[in-house]
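I have placed the structure first, in the form of C-alpha cells, so that the comments after it can refer back to it.
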Amino acid sequence: MEVYLAILLQGVITLTGKHRFETKTIHDGYESKSHHNSLASPIYQTSTFTFETAEAGERRFAGEEPGYIYSRLGNPTVRMLEERIASLENAEAGLAFGSGMAAVSAVLLNLVKTGDHILCSEGVYGCTFGLLKMLEEKFSVEHDLLPLDSVEQLQKAIRPNTKVIYIETPINPTLKLIDLEMVSTVAKEKGIKVVVDNTFSTPYLQRPLEFGCDIVLHSATKYISSHGDVVAGLVVGEQETISSIAKSTQKDIGGILSPFDAWLLLRGLKTLPIRMDRHSSNARQIMKKLAEHPAITNVMYPGMEESSSYAIAQKQMKSSGGLISFEIAGEKKDSQAFMNRLNMIKIAVSLGDAETLIQHPATMTHAVVPEEERLRMGISETLIRLSVGLEAWEDIWEDILQALEN
Ligand code: LCS
C-alpha cells in the first residue's frame, strides 16, 4: 500500500514553485529532459507497467521502490497534470478523475461516514445535490443547505457531527459568492474540513487554499479544458489528505482519468490565464448591456457593483469570470423562445468553452432539484445562464440583442 505514497511523493520533484502563475501553467509538472527532450509532454497510453523481475514487482507493491504499477494507481501523463494543478492552486498534491462528479464523490466519500453531517452552500450543481441526497438515503449522511453568509448563522448551523463544509463559489447558476476566509476561520475552530468547488473561478481567479480552506476540486471539463472535448475532475489539498483519497475512494472506486484526456488538459492549462482574462472582460461587456435592456428583469454577476456579492468578489477573486445569469420578463416559455431565437450562441449545458453557451437551469442542470428547493436556491423558471465565450463580445451581444428584440 505504501506504493501509492511513493508515487504521489514523486510529484513534488518537478514543481517550479519560484515562478509566477502564467509561467507555472506552461511548465510545472513536466521536465522535458526526462522525456527525450520532447517539447510536448508524451502520452503514456498504457494500462500497465512491466517489472524487471518478480522481486522488483514485490518491492514496488511494498512501496520500497518508486515506480508505476498500473494506470488506475498512477500514470506518468496523469501525474504531470496532477502536479501542475497542485502547483497552480498552491497545494501540496493533486489527483485527477474521470469527471467532476467522480472528484466530488471521491472527496465526500473519503471524508464522511454514516451518521456524519455536511453543511453546504445554498446552491450547488444539480448532480452534487443528487449525490448529497444519495448519501442521505443510502448511508444516513445528513446535510443542510444554507446561505453561509454570516459567522453567527454558520456557528448556529454547525452540529457536533458536522465533518465537512462544502462550498461552491460562485454558486452554479446564481453566481452568489461565499466568503472563504470567514467560513474557513469558523471551520478551523471546530476541526471541520472545508471543501471548495472552484470550477467557475479556476486557480487563476481564486485560490481557496490561500484563504484557509482544506480541499479544492474542479470539474476540469469546463475552463481548465476550455475546448469542449474532455470530461474530467481534479482535486488538490494537503499531501496527507490527497494520499488518503488516492488510497481509498480513488483506488477502490476507480473513477480515474485517461492519459489522453490528461494530456488535453495539460495543453488547455497553458492558455488558462489569457482565456480567463478574455472570458471576464467579455462577460463584463455583456453584463452591462443586459443590465440596460428593458426585457431583462435581473442580472446576476458578482463583478457588478449592485451585486450583494460584490465586496466578496473584490476580496477573493482576481476578476469575476465568464458566467452571467439573468431573468427575462415573462414566464418559462418566453425564456425558451428567447433561447430558440439565438443563432451563433449554442444551447448546451457545460460552460467555460471557447463557444458561448446558454442553458435553462430549471429544466436542465438543476432539473433534478425539487421545485421548492430550487426556488430557495434562487433558480426561477425564467432564469437563464450564459457562459460567455471567447468570441468578439460585440458578436455575442448582437446575437442576444436580435433574440431579445425579435
Ligand atoms: N461542479 C460544478 C460547479 C459543475 O458545474 C459541474 C458540472 C460539476 C461539478 C460536475 O462536473 P462533471 O462531472 O460534469 O465534469 N456542471 C455542469 C453544468 O453546469 N452544465 O453541465 C455540467
Side-chain angles (χ1 to χ4, degrees), residues 81 85 95-109 118 120-132 134 145 166-178 180 195-203 205-206 208 213 215-236 249-250 253-258 261-262 264-265 268 279 300 302 317 321-325 339 345-353 355-369 374 377-379 383-389:
L81 171 67
I85 191 65
L95 286 177
F97 291 85
S99 72
M101 285 318 301
V104 177
S105 55
V107 167
L108 288 182
L109 287 168
I118 301 171
C120 189
S121 50
E122 191 169 49
V124 279
Y125 170 56
C127 294
T128 303
F129 179 84
L131 176 67
L132 291 171
M134 193 206 298
L145 290 113
Y166 186 94
I167 295 170
E168 272 183 23
T169 181
I171 294 175
N172 184 0
T174 54
L175 307 174
K176 285 182 202 148
L177 304 189
I178 309 271
L180 293 171
V195 179
V196 181
D197 184 330
N198 204 25
T199 299
F200 278 28
S201 300
T202 81
L205 300 186
Q206 171 175 280
C213 303
I215 298 181
V216 171
L217 58 86
H218 290 272
S219 166
T221 315
K222 313 291 165 26
Y223 288 109
I224 289 178
S225 151
S226 99
H227 291 77
D229 47 16
V230 182
V231 175
L234 295 167
V235 176
V236 300
T249 44
Q250 190 190 45
I253 298 179
I256 53 134
L257 188 67
S258 79
D261 286 347
L264 286 171
L265 295 178
H279 282 297
M300 302 167 186
M317 295 179 78
L323 283 146
I324 307 173
S325 291
M339 290 167 69
I345 297 172
K346 303 285 183 285
I347 304 173
V349 293
S350 204
L351 57 103
D353 289 327
E355 296 84 357
T356 297
L357 304 179
I358 200 159
Q359 68 111 359
H360 185 249
T363 59
M364 296 180 184
T365 51
H366 291 69
V368 295
V369 183
R374 186 162 47 70
M377 289 179 182
I379 306 170
L383 184 79
I384 289 170
R385 188 190 75 190
L386 184 73
S387 169
V388 179

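This one's a predicted model, so the numbers in the text were calculated from it and none came from an experiment. Just follow the structure's listing: the first ligand is 1, and inside any ligand the first atom is 1.
Nearest approach of P361 to I384, heavy atoms of both residues: CD-CA, 4.2 Å. Taking both residues in full, the closest heavy atoms of V368 and G126 are given as CG2-O, 3.4 Å, listed atom of the first, atom of the second, then distance. Between G378 and L383 the shortest heavy-atom distance is O-CD2, 4.1 Å. For the residue pair T221 and A232, the shortest heavy atom distance occurs at OG1-N, 3.1 Å. M300 and L175 get closest at one heavy-atom pair: O-CD1, 3.3 Å.
Every N/O-N/O distance between V104 and ligand 1 stays at or above 3.5 Å. For T128, no nitrogen or oxygen atom sits less than 3.5 Å from a nitrogen or oxygen atom of ligand 1, counting backbone and side chain alike. In terms of polar-atom proximity, defined here as any N/O pair under 3.5 Å, N172 does make such a contact with ligand 1. Considering backbone and side-chain atoms alike, F200 places every N or O at 3.5 Å or more from each N or O of ligand 1.
Not one N or O on the side chain of Q250 forms a donor-acceptor pair closer than 3.5 Å with the backbone of A106. Counting only distance, with no hydrogens or angles, the side chain of H360 and the backbone of I347 share no donor-acceptor pair below 3.5 Å. Distance alone, capped at 3.5 Å, places no donor-acceptor pair between the H279 side chain and the L323 backbone. Between the S325 side chain and the P173 main chain, a donor and an acceptor come within less than 3.5 Å of each other. Within the 3.5 Å criterion, the main-chain N or O of G98 finds no donor-acceptor partner in the side chain of D261.
The residue M364 has no part lying near ligand 1, judged by heavy-atom distances below 4.0 Å. When non-hydrogen atoms are compared, ligand 1 lies under 4.0 Å from neither the backbone nor the side chain of P173.
The single protein non-hydrogen atom nearest to atom 16 (N) of ligand 1 is K222 NZ, 2.9 Å, given as residue, atom name and distance. The protein heavy-atom contact nearest to atom 15 (O) of ligand 1 is T221 OG1, 2.6 Å. Among protein heavy atoms, the minimum distance from atom 19 (O) of ligand 1 is reached at R385 NH1, 2.7 Å. Protein heavy atom in closest approach to atom 12 (P) of ligand 1: G100 N, 3.4 Å. Ranking protein heavy atoms by distance to atom 8 (C) of ligand 1, first place goes to Y125 CD2, 3.4 Å. Among all protein heavy atoms, the one lying closest to atom 18 (C) of ligand 1 is T365 CG2, 3.5 Å.
Not a single heavy atom of H218 sits under 4.0 Å from any atom of ligand 1. Residue contacts with ligand 1 include S350, since one of its heavy atoms falls under 4.0 Å from the ligand. Residue-ligand proximity: A232 is placed with a non-hydrogen atom under 4.0 Å from ligand 1.
The atoms of ligand 1 that sit less than 4.0 Å from any heavy atom of L351 are 19 (O). For ligand 1, the atoms sitting less than 4.0 Å from at least one non-hydrogen atom of M101 are 10 (C), 11 (O), 12 (P), 13 (O), numbered in the order shown with element in parentheses.
V230 is not listed as a side-chain neighbour of I224, based on a closest heavy-atom distance of 4.5 Å or more.
Of the candidates D197, T169, V124, L217, the one placing a heavy atom closest to atom 9 (C) of ligand 1 is D197.
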